[in-house]
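These numbers come from the heavy atoms of this one structure, side chains and all, not from hydrogens, waters or symmetry mates. Letters A, B, ... mirror the listed sequences (proteins, then strands); counts begin at 1.
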Amino acid sequence: MGILVNKETKVIVQGITGTQGSFHTKLMLDYGTKIVAGVTPGKGGTVVHNVPVYDTVNKAQSMHQADASVIFVPAQFAKDAAFEAIDAGIKLLVILTEHIPIRDSMEIMAKAKMEKTIVIGPNSTGIITPGECKLGFMPAHIFKPGVVGIISRSGTLTYEIANQLTARNLGQSTCVGLGGDPIVGLSFVDVMKMFRVDPVTKAVVLIGEIGGDLEERAANYIIEDGFEKPTVAFIAGRTAPPEKRMGHAGAIILGKAGSAESKVEALRAAGVHVADTPAEVADYLVKLPGLKEKSIFNSPQS
Amino acid sequence: MRLLEYEAKAIFSRYGIPVPRGRVASTPAGARRVAELLRKPVVVKAQVAIAGRGRAGGIKFAATPDEAEAAAASLIGRELKGFKVRRVLVEEQLKIANELFLGVTVDRVAKSYVMLASPVGGVEVEEIASKSPEKIIKLPIDPLLGLRPHKTREIAEMLGYRREKLLSLADLALRLFHVASSYDVELAEANPLAEVAEGTFCAADARMIIDDNALYRHPELEKRRPRAEADLTPREIKASEKGLSYVELDGNIGVIGNGAGLVMATLDLIRLKGGKPANFLDVGGGASAEKINAALNIVLSNPNVKVVFINILGGVTKCDEVATGIVRALQAKPRRRPIIIRLTGTHEAEGIKILQEAGLQVLRTMEDAAQRAVEIAT
């Protein structure tokens, strides 16, 4: 179970013939993800890891009726790929591509909103419901089925924390990588709303970083809407020097807004436990009553 | 990429936004000639990519060409907030009746460009934004439809203008939006936007920050990229040429990692354990052995670095590639400084094998590795 995807989700991969697309398609298939088709313009009729490749999403859709598309297309062409998927009626896009221009992302999000399409990313590590479906880059052996939902703006930090949860026998319901860009599809609040009504998820981990105010908005949501599932957060960049650009435009601190301090304060005020180190996230969760006992899935790690 | 004021003004001017008459000069004699040509009292402004330049002494007024030359001589070659002044912009002094603020930036929540306007401009606009944010006009712009001209007339009206002034301000706002969307900006602003005596408007100062990811659409700016020298240290320039995201800090523990979030968390952890990071270096996703090699060379070229902490958690990045890069860098130039490696994720076993065969020790958790690095550095 979990949110957004499961073992029945039918998936197409846009950019399946590229180096990354092909490599990660193999890993996703190995994990059990139901990839029904690939799309690369000009490569229609070929086959990648036994998956048929089409020139257009429309053609792939008419043959396979997919639920989701994973986009591996290079940044220059990613906007058109996203528009193509939305136009073909796909309702869930996972955009893994990084370095997409901000203006292109704004257009993708406006188009998606119009067509009621959910977008994860861009510059996302993807989404995984352990044991069922993986759409993205994440190293699968780190994850294990369970009851903790993870929402994160940072790819590698997600692996770091999921790894530690798994090591402590705390499995995950679904892990969603929001993406590290200034403009992304889903926000913390959007995903918290899904975890709230998901019967499997018993606790939520928020992995944030400096820049923007998605974390502050999550804190407001907890207070104003009475989000009741226990929540723990980790915020990266607490010692980052102000006005330095740390890696990407999503992490510029301007004044106090968007600073780690402001995020930590807001989350603590909302009753969220904010961990000082990645390891402390698991330390906190193992102490929550009933969390491990409800970890009914105990399938072996793949 | 931050543009310098004179570069932003050249673009504004091409889009029909009035800017003061003036030219850039890189010598005091050049500044004198511009003042002579303008035949007016002038402003001599240091061209550095920082905010708060006026307060730092980077703007001088000159009534005569002699004074302009002296002002330029006092600015060129000097450092302002750590940035060396290589050029000055010499402009006519404006007779300003009123100062406004007009800008376009990215609104993460609305997921669109937003036009910001305020009836008060200059340095006070930030104070107003924090103390009485309701006084700042905010207009989100539909990414698919663009800015409708009638919306700019509403902004001009809210700023308190009527008749011809309203029309001329609305026209200017539309042009500013065209600059923003044509140049893929993160920010384009006129601050102050001066209402000059004749009842027309003029961008007294101009700032533009271009989205680096969109530079391929603007080859003329891409070419200028190396000249962003004023904003960067030599090591930062080298890193940017190699496609690495590097920020120099003042500590002694070199840090290399993959993913901005993980690297930031690594810096935080080092601090928490009492150490001081020498840099932030994110090799990005899917780094090749060459990239890792280059990263290690850049970090080790900093003489302050006592120990290097490499923290890699491979997803799209493959651990064996990383290990190969490390071994290659060390074989090319053996180092005396210790290297602490934490490596896990995709192709982990292969990566660890490569490192162990080269005689390098690998730690399993970032907590242990950070602890070791801090012990060695202090």
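Of all the listed residues (B:D107, B:D184, B:N311), the one sharing the greatest number of non-hydrogen pairs under 4.5 Å with chain A is B:D184. Interface remark: of the candidates B:G284, B:S181, B:A180, B:S181 forms the most heavy-atom pairs closer than 4.5 Å to chain A. The choice from A:M109, A:E107, A:M138, A:K111 that makes the most heavy-atom pairs within less than 4.5 Å of chain B is A:E107. Considering only heavy-atom pairs separated by less than 4.5 Å from chain B, the leading option among A:S154, A:S152, A:G136, A:A75 is A:S154.
Heavy-atom distances place no part of B:K276 under 4.5 Å from chain A, backbone and side chain included. Only the backbone of A:I235 comes within less than 4.5 Å of a heavy atom of chain B; no side-chain atom from C-beta onward does. With a 4.5 Å cut-off on non-hydrogen atoms, B:L313 touches chain A through its backbone and its side chain both. With a 4.5 angstrom heavy-atom cutoff, B:Y113 touches chain A via backbone and side-chain atoms both. If you measure heavy-atom distances from A:E98 to chain B, the contacts under 4.5 Å come from the side chain alone. With a 4.5 angstrom heavy-atom cutoff, B:V109 touches chain A only via side-chain atoms. Contacts between A:H99 and chain B at a heavy-atom distance below 4.5 Å involve backbone atoms as well as side-chain atoms. Interface remark: B:T365 contributes no atoms to any contact with chain A (heavy atom separation under 4.5 Å). Heavy-atom distances place both the backbone and the side chain of A:Q76 under 4.5 Å from chain B.
Remark: the A:T156 side chain and the B:N258 side chain contain no N/O donor-acceptor pair separated by less than 3.5 Å.
One finds the CZ atom of A:R103 at 13.5 Å from the OG atom of B:S112 (value rounded to the nearest 0.5 Å). From A:L157, atom CG reaches atom OG1 of B:T266 across 8.0 Å, with rounding to the nearest 0.5 Å. Note that the CZ atom of A:R238 and the CZ atom of B:R271 stand 13.5 Å from one another [nearest 0.5 Å]. Rounded to the nearest 0.5 Å, atoms NZ (B:K111) and NZ (A:K113) are 8.5 Å apart. In this structure, the separation between CG on B:L267 and OG1 on A:T239 is 5.5 Å, given to the nearest 0.5 Å. Separation of atoms CZ (B:R108) and CG (A:D213) is listed at 8.0 Å; rounding is to 0.5 Å.
Annotation for B:K242: atom NZ does not count as buried by contact number, only 12 or fewer foreign heavy atoms lying within 6.0 Å. The number of heavy atoms from other shown groups lying within 6.0 Å of CZ (B:R364) does not exceed 12. Within 6.0 Å of NZ on B:K151 lie no more than 12 heavy atoms contributed by other residues, nucleotides or ligands.
At a threshold of 4.5 Å between non-hydrogen side-chain atoms, the residues A:P182 and B:E186 do not count as touching. Looking at heavy atoms from C-beta onward, A:M106 lies out of side-chain contact with B:L144 at the 4.5 angstrom threshold.
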For B:N213 and A:I100, what are the C-alpha separation, side-chain angles and deciding distance, and is it a side-chain contact (heavy atoms from CB on, under 4.5 Å)? CA-CA 6 Å; B:N213 289 334; A:I100 296 180; over 6 Å; no
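Across A:P101 and B:R217, no two heavy atoms sit closer than the pair CB-NH2, 3.3 Å.
Distance alone, capped at 3.5 Å, places no donor-acceptor pair between the B:D268 side chain and the A:A236 backbone. For B:D211 (side chain) and A:I102 (main-chain N/O), a donor-acceptor pair under 3.5 Å exists by modelled atom type.
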